[in-house]
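Contents: one structure, followed by commentary.
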Number of protein chains: 2
Amino acid sequence: MAPECGDPWSRSVRTHDLERCRSLPLFANMHAETFRHVTAGAHMQRFPPGTMLLLEGDAVDFLYVLLSGQVELHGTWNDQETVLGILRPVSTFILAAVVLDTDALMSARTLENSEILMIPGDAIRSAMVEDTEFGLAVSRDLAGGFRTMVRAVKNQKLRNAVERLANHLVMLRASDPGVGATVVLRHEKRVLASLLGMTPENLSRAFAALRKQGVTVNGAVVTISNPAALIALAKPDPLIDNHAPFGADIVTPADAEIWSTNSHRAALARSEKRRA
Amino acid sequence: MAPECGDPWSRSVRTHDLERCRSLPLFANMHAETFRHVTAGAHMQRFPPGTMLLLEGDAVDFLYVLLSGQVELHGTWNDQETVLGILRPVSTFILAAVVLDTDALMSARTLENSEILMIPGDAIRSAMVEDTEFGLAVSRDLAGGFRTMVRAVKNQKLRNAVERLANHLVMLRASDPGVGATVVLRHEKRVLASLLGMTPENLSRAFAALRKQGVTVNGAVVTISNPAALIALAKPDPLIDNHAPFGADIVTPADAEIWSTNSHRAALARSEKRRA
DNA sequence: GCCCCGCATTGACAAAGATCAAGTCAGGCT
DNA sequence: AGCCTGACTTGATCTTTGTCAATGCGGGGC
């Protein structure tokens with residue numbers, strides 16, 4: 001289902017890929033044999049930016065594992081589109097549709113060059129039956145995904161645009177292990193706007209509104225001169241915002257809830273280098 | 001955690017209760033022995049309307065099974081409240097928190113006199129390990145719940161207030177086995193307003209706006225004199241609205257997605273036959 | 001029966017957000 | 001280098017939604 005934009009580039013699956021896959025909570029405790037069986041039928045593909053991996057309504061034949069790059073999940077209705085989530089490595093996506101062997105509710109599109117491991121849905125479903133440990137991991141992953149979406153609904157219904165942006169910035173700050181004066185936006189602003197449920201114009205104005213709280217923007221670099229003021233406005237809440245603390249704190253591994261993402265850190269470092 | 005509002009009324013668990021529980025897809029294929037073990041520690045309680053069963057942030061010790069009455073799930077932030085879902089029998093709730101053994105993201109409150117079976121979370125979690133069939137059912141239920149929440153986000157972000165109301169009415173019509181001229185709202189209007197993500201005042205105006213499409217309201221009774229016009233405005237979409245599209249189409253049994261409700265399905269099939 | 005209280009509706013107004021239209025800027029291409 | 005494209009911003013305007021206030025309606029309790 002890749003309509004345009006050049007052929008995907010298939011390549012063989014390296015053991016390094018499998019190791020990264022294995023590092024996900026979803027696969028970590030799987031029996032070695034089941035893991036081998038599941039990945040036997042998998043194949044690896046590279047996609048250029050802007051490739052539609054999956055269209056909502058399509059039957060879902062694979063579980064996707066994003067190993068490098070960035071993928072956007074979005075939904076469409078009445079010629080409008082809204083971004084429902086953005087994935088960074090290492091993450092899986094559309095597990096729910098695979099488990100139910102049904103059609104996708106979200107479309108998926110690459111935002112950057114991306115390497116994706118595609119695991120046949122059949123293999124996933126039979127592994128759930130054969131390997132209890134994996135079955136449990138699937139349940140935990142889906143429970144986390146459910147909670148992520150509950151948070152999204154609360155965020156959308158209880159907060160206005162400026163508050164959503166403020167919390168997004170607070171989240172970025174919290175997830176950045178480095179010092180605190182600046183954060184780097186991880187997506188194009190128009191993508192971010194859609195993710196936050198507003199138009200690009202309105203995102204610009206929301207940034208402008210946050211100048212009072214000491215927020216200034218320069219391209220993708222946002223400097224937060226008065227974190228306390230920003231946080232006072234944002235009122236982050238653990239029951240909405242899942243600030244995955246890398247640095248400290250335990251957070252039960254099951255409660256990842258970032259779809260199934262685990263290791264963001266690499267990408268962050270990269271984007272930090274180049275800045276206007 | 002039932003703060004006020006009179007003592008809950010505990011009573012013994014009857015076999016009839018267990019049978020209704022068993023009818024849920026979540027429990028239907030469970031081994032008899034596991035089911036007996038799981039329900040051994042369960043107890044039954046009656047709650048008057050307005051009782052807080054669970055407060056967001058609370059640790060979750062039980063899986064709740066609603067056997068009669070009506071329960072509202074809502075979220076809170078910054079002194080505002082929004083309804084995230086409304087359950088009718090027979091449904092379970094907060095399975096995700098039980099699976100992860102963590103705190104609740106949603107509060108639960110009875111809207112009517114309700115009978116609720118409370119199953120200890122430990123028993124659920126150990127049953128998942130011991131009974132593969134049950135583990136699979138849990139995964140499927142959570143996958144359905146995830147998809148329900150994805151639909152909710154799309155509904156909220158892609159549609160305006162009038163469109164959300166129109167689709168709600170179309171959904172009620174589709175799920176009502178009787179003839180088509182009227183539907184009955186299932187909740188107080190202010191609850192419905194919150195569920196649809198608007199204020200009560202705005203709900204009134206949304207109803208007024210639908211008069212052009214032949215919608216008139218009288219208390220809880222809504223008459224739809226021109227279904228085609230209403231549907232034309234609502235543009236219901238199987239990827240957002242989980243009711244049988246008017247054409248045909250089967251709903252795959254796995255794709256329940258109504259949290260974990262089952263009882264609708266029969267109604268759906270019925271309404272499929274008769275169509276304007 | 002009467003009184004109250006809470007729900008629902010309506011109108012006037014205010015705030016939030018979307019749309020339309022320029023206009024700027026940076027990066028990529030020839 | 002020069003140009004072109006696409007992203008971002010800003011202002012003006014309109015639509016949608018929320019807020020505040022007043023009123024009507026109806027059911028439950030005394």
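Within every chain, numbering begins at 1; the chains are lettered A, B, ... in the order of the sequence lines, protein sequences first and strands thereafter.
In this entry the distance linking CG of L165(B) with P of dT16(D) reads 15 Å, nearest Å. Rounded to an integer number of Å, the gap from NE2 of H187(B) to P of dA8(C) is 12 Å. Between the CG atom of L111(A) and the C1' atom of dA7(D) there is a distance of 15 Å, rounded to whole Å. Whole-Å rounding puts the F207(B) CZ to dT10(C) C1' distance at 16 Å. Taking atom CG of L203(B) as the reference point, atom P of dT17(D) lies 12 Å away to the nearest angstrom. If you take CG of L192(B) and P of dT9(C), they are 11 Å apart, rounded to a whole angstrom. If you measure from atom CD of E188(B) to atom C1' of dA8(C), you get 10 Å, rounded to the nearest angstrom. Between the CG atom of L196(A) and the P atom of dC8(D) there is a distance of 13 Å, given to the nearest Å.
Residue Q70(A) is tested with H187(A), R109(A), R186(A) for a side-chain hydrogen bond (donor to acceptor under 3.5 Å, both in side chains); the sole match is H187(A).
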### Query
Which letter, B, S or -, goes with each nucleotide of nucleotides 17-24 of chain C from 5' to 3', with contact meaning a protein heavy atom under 4.0 Å?
SSBB----

### Query
For L53(B) and F93(B), what are the C-alpha separation, side-chain angles and deciding distance, and is it a side-chain contact (heavy atoms from CB on, under 4.5 Å)?
CA-CA 11 Å; L53(B) 302 171; F93(B) 52 104; 3.9 Å; yes

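Ionic pairing of D237(B) and R159(B) is not present here: no N-O contact between side-chain nitrogen and carboxylate oxygen is shorter than 4.0 angstrom. R14(B) and E115(B) are not joined by a salt bridge, as no carboxylate oxygen comes within less than 4.0 angstrom of a charged side-chain nitrogen. We find that D103(A) and R147(B) are joined by a salt bridge, their nearest charged nitrogen and carboxylate oxygen being less than 4.0 Å apart.
A side-chain donor-acceptor contact under 3.5 Å links E56(B) and T76(B).
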